[in-house]
Amino acid sequence: MVKPVSRREFLNLLAAAGGAGAVVKAGAALGIMPADAAASTLDLAAGNGRSAVILGGGISGLATGYELGKAGWDCTILEASHRCGGRIFTVRHGTLIDELGNRQYCEFDDEPHMYFNAGAARIPNTHRTLLNYCKELGVELEIFINENKTCWVQDDAMLGGKPVRNIEYTTHLRGFVAEMMVKAMHETDMDEPFTEKEAEILLGMIRSFGDLSEDDVYRGSLNAGFDSGGFLSQGVQKDVIAFRDLLKTPFAMRLLSTNEGETGPILLQARGGMDQITEGFLRQVGDRVSYRAMVASIQVRDDGVDVAYDQDGARRQIRADYCFNCIPTHLVTGFEHNFPADYVRALKHVLRGEAYKAAFQAKERFWEKQDIYGGISWMNNRSQQIWYPVAGIHRQKGVILAAYDYGGGMYHTRMTQQERVEAHLADGENVHADYRNLVEKPVTVGWHRMNHMLGCSARWRRSFREGWTGETEQHYRTLQAPVNGRHYMIGDQISMRSAWMESALLSAHWAMADLDRRLRNAPA
Amino acid sequence: MIRLALICLLCIPSLASAAEREPFDDRYCTTCHGTDGRGNEGVQAPRLAGMEPWYLKRQLENYRDGIRGAHPDDIEGLAMQPMAAMLTDESIQDIIEWVGGWNYVPAEHTISGDLDAGRALYQPCATCHGADAEGNEALGAPALAGQNDWYMVTQLRNFLAGYRGVHPRDVYGAQMRVMTTGLSGENDINNVVAYINSLSD
Ligand SMILES: Cc1cc2nc3c(=O)[nH]c(=O)nc-3n(C[C@H](O)[C@H](O)[C@H](O)COP(=O)(O)OP(=O)(O)OC[C@H]3O[C@@H](n4cnc5c(N)ncnc54)[C@H](O)[C@@H]3O)c2cc1C
């Protein structure tokens, strides 16, 4: 049982807040104008006929081919799959979803707005290197809507499972929290620790945070949306949901901050599907890619790298001066190779992620009839999220994300296709009553079983409090450094922030810059 | 020479649009099991190269028929099961031929333990698997020497925990399960596997 916070404890907290400024590093850069944000860019020395073989056509491999190509290198990209992009994967009419044991062909209608980003889907506005490439490669971007407060929040434990609007839920939550804070403040000696002016502003902030009535009680708010009216007649406020009921769901701990951190700033997406980023690179390096070319062996020599790969039923060989490798570490461990022992230990140290996504084609855009345009509904069940598309507003149909398990995706991954689909229908029905009849043509993607991927994002073992442990960081540095100066592992797996395209690009930039520096410094 | 048979495990769904569909590739085995089926610790997929054809056949059939890889805690088995579910008798034969073309590369040793303790623990195993862990087809016991040691550890754990060898039709698995009751805990498992490792040194 959790003890309710006593008035005294609350006051102590508040008093302590007066000293908080002392521990927070404040105003370190006061008076300095913020500099423009800079993307990572490269200025590579001319290739002079040097060659590189790039293993894997993930975004980091493609960017490497593009950059080295610009500098005049002779590049070859070997890609095991029928497509490039790896974890940038847009599913649309006819797409082959090559999941081991659950192969699917997508049956969505053949229209530009009918697509599903089964892998990467969001670009934070601070991911400058990626945004810079989008600009350079002519990839059209549009705004992605992550938080939409008109979307639903549903938990079987709250209000008998009745979904409520995110805006209702969060408005009420803030109201009650603010009421508690103000009550506590009225009883505190406001001279200490705040000045009168500070106290006035603080009270005002709390009142508006919670939209309190004049007597500092929370009685509901029009911020939660109108029950009726509002334009030609008086707006009628919605009923308040009791504080106790709001606290029946763990969403209380999350919903006020879903739009913060990495998903907080403005998010963007490539118009027409995230694979337009891959296409942008392929317009530049497409002729350098060899498809269905599955790497089997990597031998690092003193004067180059020998790579063997299987293609068209034969084993082929290629030799290049240097090698950049974005193939997932857990697949590289299965190759024939001559890597040093500490490198192999490091490759094996990285664990593989388990993300899972699913989508439906909706026969009609039923969410728009509920004032929903883009955004996410949150469900406290295993399917977790429903995403509504920005693409194709007011058209007849649309594609919605029906489940996103980004943590432990194995729950659905282990199911058969039929079981997965039934689970998402049953979960979604809690939010949209007629869901089962409104959606069709499911696709599911268990990244743990996707051919040539077998995982989502690299999981580096780390401690929650201390971050990277010494051992982990050691392995990371080992993998970041080239083998014999010739073979570089790249991709978001070789970064301290896996699961982002930006990390994949920055890791490739790091490797190219490192090689460039060594080549420039080498005696002629 | 390596032969890469492009075997058709499952025919392309016979839909009208089949012709325009992206063709898929059936060389799935090596995605998990590594180059020429050498085994891949990164995804916990064991070595197939050098595996006896009769044992490979039995395991593929067991997976296909839900005799193996059905327990919810048999994590690796659960990944294999849907792959085998699409196999026909014919495609199993194709796979066996494909695997037969791979060069056997001795598995890397990743586990160490007390060899004396392991030797003692191995004695009952030797009855079926042979003194040198070379296997015995007549008794239905596969070779253990040269198999990935981490895989043997997982399988011994699975037998002990009842994730494997509990299906009523898994006759050999049931025998194996009885035998593993002689192992008490992780130490014993490590020691016996370390001893099996020493047989292929
Ligand atoms: C569900 C999900 C959601 C995500 N959401 C976001 C997001 O919103 N925003 C964001 O920025 N990022 C997101 N990411 C992460 C992003 O997709 C990745 O960080 C990025 O795409 C990784 O690129 P990469 O270059 O490391 O290579 P990968 O994409 O991992 O590509 C590796 C390539 O190697 C190939 N390959 C494998 N084996 C072989 C072989 N034997 N021979 C030759 N080639 C081989 C593969 O086919 C693949 O093309 C998400 C990822 C997932 C899975």
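Numbered from 1 within each chain, the chains take letters A, B, ... in sequence-line order. In this text, all values refer to a predicted model and were calculated from it rather than measured experimentally.
In this structure, OG1 on T30(B) lies 10.5 Å from CG on L331(A), to the nearest 0.5 angstrom. Here the CD atom belonging to Q44(B) is positioned 12.5 Å from the CG atom belonging to L454(A), to the nearest 0.5 angstrom. The structure places OG1 of T333(A) at 7.5 Å from CD of E41(B), a figure rounded to the nearest 0.5 Å.
Here the closest non-hydrogen pair linking T35(B) and A296(A) is OG1-O, 2.6 Å.
Crowding of Q123(B) atom CD: a count of heavy atoms from other residues, nucleotides or ligands under 6.0 Å exceeding 12. Shown here is K57(B), whose NZ atom has no more than 12 heavy atoms of other residues, nucleotides or ligands within 6.0 Å. Within 6.0 Å of CD in Q474(A) there are 12 or fewer heavy atoms belonging to other residues, nucleotides or ligands.
Side-chain contact between H330(A) and V43(B) is present, with at least one heavy-atom pair separated by less than 4.5 Å.
Looking only at distances, no side-chain donor or acceptor of N451(A) sits under 3.5 Å from a matching main-chain atom of Y28(B).
Ranking R292(A), M410(A), R414(A) against chain B, the residue ahead of the rest is R292(A), based on heavy-atom pairs under 4.5 Å. When each of A85(B), G37(B), C32(B), G39(B) is checked for heavy-atom pairs under 4.5 Å with chain A, C32(B) comes out on top.
E108(B) touches chain A through its side chain: at least one heavy atom from C-beta onward sits under 4.5 Å away, while N, CA, C and O do not. Neither the backbone nor the side chain of M453(A) comes within contact range of chain B; no heavy atoms are under 4.5 Å apart.
Looking at E107(A) and R21(B), a side-chain N of the basic residue comes within less than 4.0 Å of a carboxylate O on the acidic one, giving a salt bridge. Comment: R449(A) does not engage E76(B) in a salt bridge, judged by the lack of any side-chain N to carboxylate O separation of less than 4.0 angstrom.
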Q.
Using salt bridge (Lys or Arg N to Asp or Glu O under 4.0 Å), reason through E22(B) and R103(A) one step at a time and then give a plain yes or no.
A. CA-CA 12 Å; E22(B) 180 72 47; R103(A) 188 188 305 119; over 6 Å; no
